[in-house]
There are 2 protein chains.
Amino acid sequence: MVKRTSFEHDDCPIARSLDAIGDWWSMLIIREALFGISRFSEFQKRLGLAKNILTVRLRALVDQGILKTAPASDGSAYQEYLLTPKGRGVFPILVALRQWSEEFDEHPEEIATILVDKEKGKPVRKLELYSQDGRLLSAADTALKPRTVVKQGGRVTA
Amino acid sequence: MVKRTSFEHDDCPIARSLDAIGDWWSMLIIREALFGISRFSEFQKRLGLAKNILTVRLRALVDQGILKTAPASDGSAYQEYLLTPKGRGVFPILVALRQWSEEFDEHPEEIATILVDKEKGKPVRKLELYSQDGRLLSAADTALKPRTVVKQGGRVTA
DNA sequence: TCAAACCAGTTTAATAATGCAACCATCGGA
DNA sequence: TCCGATGGTTGCATTATTAAACTGGTTTGA
């Protein structure tokens, strides 16, 4: 792969997110963490990824402030990996990914789980995007505006 | 091994989405396409990726029904790449990625653009997740339920 | 209390996925 | 007809990902 081009300093926030959590494993690790998984071996067993990769990913997620390590908690002398608020903030992204799959996958019958609300046990609605004055927006109803002034040579991207 | 593990037949919808569009470039290609970009050379110029990679990604996106090729359109004899409904359905994922970056990025001042609603030009609200009866839900208010019955040996994942 | 199993990695050697650059065929315009 | 843009393809070098073996500390349990 050759030095995966980094988007860390790209001015597009989507690229920046992808740079942080846009690989196959990071997203799934966060998914598991949202489920309460916190131990190295648990991640490894549930995801079935190579341990060296898990080591690298966990370290990267910690460095980025998405996970933090807490020394022990359930008695044993090992440490655990816990989500920070930034990590929990990934939840809507996971919901969006899930709903896209539910809506467009060619084999939805292979999907094992449904996201429900805890109180009633019923499926949740689709994610909704509203304007400040409460109108439901679709992609076509939105546009991108430069944050302040367009800098010289600064290209406006999504 | 090696052979990057495919999640195509994983029973987790998040994994399935990631399998389809979970690489750095596919998501950005779709972002550009949502902006109306449709020509090979335009993608290549705006994203700055190698042409062979672009070729492979575009073909994969077409195979998955996210893009479709339309022979010509603006006169020239070349083809263009257009989003299908499935492709446009990626929009909420991009919004979620964008908002995560806006909320948690350490250098938000480097972010060049803001998503606004076209009518008023004001920033949009955060994506919201509701229960069927209209309660606003956070991650903690949700749970996963097996789709029908848990199959023998079928592990329930997110 | 001593061995066996578990935890959390690290190392190694293989293969697969990028990236860059160069090449090539076709189309369109002057 | 010739030149540049378009839309790729091919080769090669580099890097990532992986399984498997190995390590060293920690629990468990007989």
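In the text below, chain A, chain B and the rest are named by the order of the sequence lines, each starting its count at 1.
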Taking OP1 and OP2 of C:dC7, is either one under 4.0 Å from a side-chain nitrogen or oxygen of A:Gln79?
-> no
Residue set satisfying salt bridge (Lys or Arg N to Asp or Glu O under 4.0 Å) with B:Lys118, at least two apart, ordered chain then number -> none
By side chain to side chain donor-acceptor pair (under 3.5 Å), A:Lys122 pairs with (sequence neighbours left out) none
Regarding the side chain of B:Ala50, the nearest nucleotide among D:dT6, D:dA19, C:dG19 is C:dG19
When rounded to whole Å, the CG to P distance for the pair B:Leu49 and C:dA21 reads 14 Å
Sorted by chain and residue number, the salt bridge (Lys or Arg N to Asp or Glu O under 4.0 Å) partners of A:Asp63 (sequence neighbours excluded) come out as none
Problem set entry | Distance test, side-chain N/O of A:Trp24 to OP1/OP2 of D:dT17, below 4.0 Å | no
With sequence neighbours left out, the residues meeting salt bridge (Lys or Arg N to Asp or Glu O under 4.0 Å) with B:Lys126 are B:Glu103
Taken to the nearest whole Å, CD1/B:Ile29 to C1'/D:dG7 is 14 Å
Between CZ of B:Phe40 and P of D:dG7 the distance, given in whole Å, is 8 Å
Per the under-4.0 Å heavy-atom filter, residues of residues 52-68 of chain A near DNA chain C come out as A:Asn52, A:Thr55, A:Arg59
> Given C:dC7, is OP1 or OP2 found less than 4.0 Å from the side-chain N or O atoms of A:Arg39?
Replying inline: no
Quick one about A:Tyr78 and A:Glu80 (side-chain donor to acceptor, distance below 3.5 Å, no hydrogens or angles considered), yes or no?
no
Note: with side-chain heavy atoms under 4.5 Å as the link, the other cluster members for B:Ile114 come out as B:Val116
Sorted by chain and number, sequence neighbours left out, salt bridge (Lys or Arg N to Asp or Glu O under 4.0 Å) with B:Arg135 holds for A:Asp117, A:Glu119, B:Asp133
Which donor-acceptor pairs under 3.5 Å do side chains of residues 52-59 of chain A form with protein atoms, sequence neighbours excluded?
unit_1	atom_1	unit_2	atom_2	d
A:Thr55	OG1	A:Lys51	O	2.9
A:Arg57	NE	A:Asp23	OD2	2.7

Please state whether the phosphate of C:dC6, meaning OP1 or OP2, lies under 4.0 angstrom from any side-chain nitrogen or oxygen of A:Ser41.
-> no
When rounded to whole Å, the CG to P distance for the pair B:Asp23 and C:dA17 reads 12 Å
ask   = For B:Tyr81, which contact category applies under a 4.0 Å heavy-atom criterion: base, sugar-phosphate, or nothing?
value = sugar-phosphate
Notebook entry, point to check: For B:Arg88 and A:Ser138, does a side-chain donor sit closer than 3.5 Å to a side-chain acceptor?
Noted result: no
Whole-Å distance, A:Glu80 CD to C:dC7 P, equals 14 Å
When rounded to whole Å, the CH2 to C1' distance for the pair B:Trp25 and C:dA17 reads 14 Å
Scan B:Gln44 against the nucleic acid and name what it touches under 4.0 Å (heavy atoms): base, sugar-phosphate only, or nothing. nothing
So which protein N/O to nucleotides 22-26 of chain D N/O distances come out below 3.5 Å?
unit_1	atom_1	unit_2	atom_2	d
D:dG25	N2	A:Tyr78	OH	3.3
D:dT26	O4'	A:Tyr78	OH	3.2

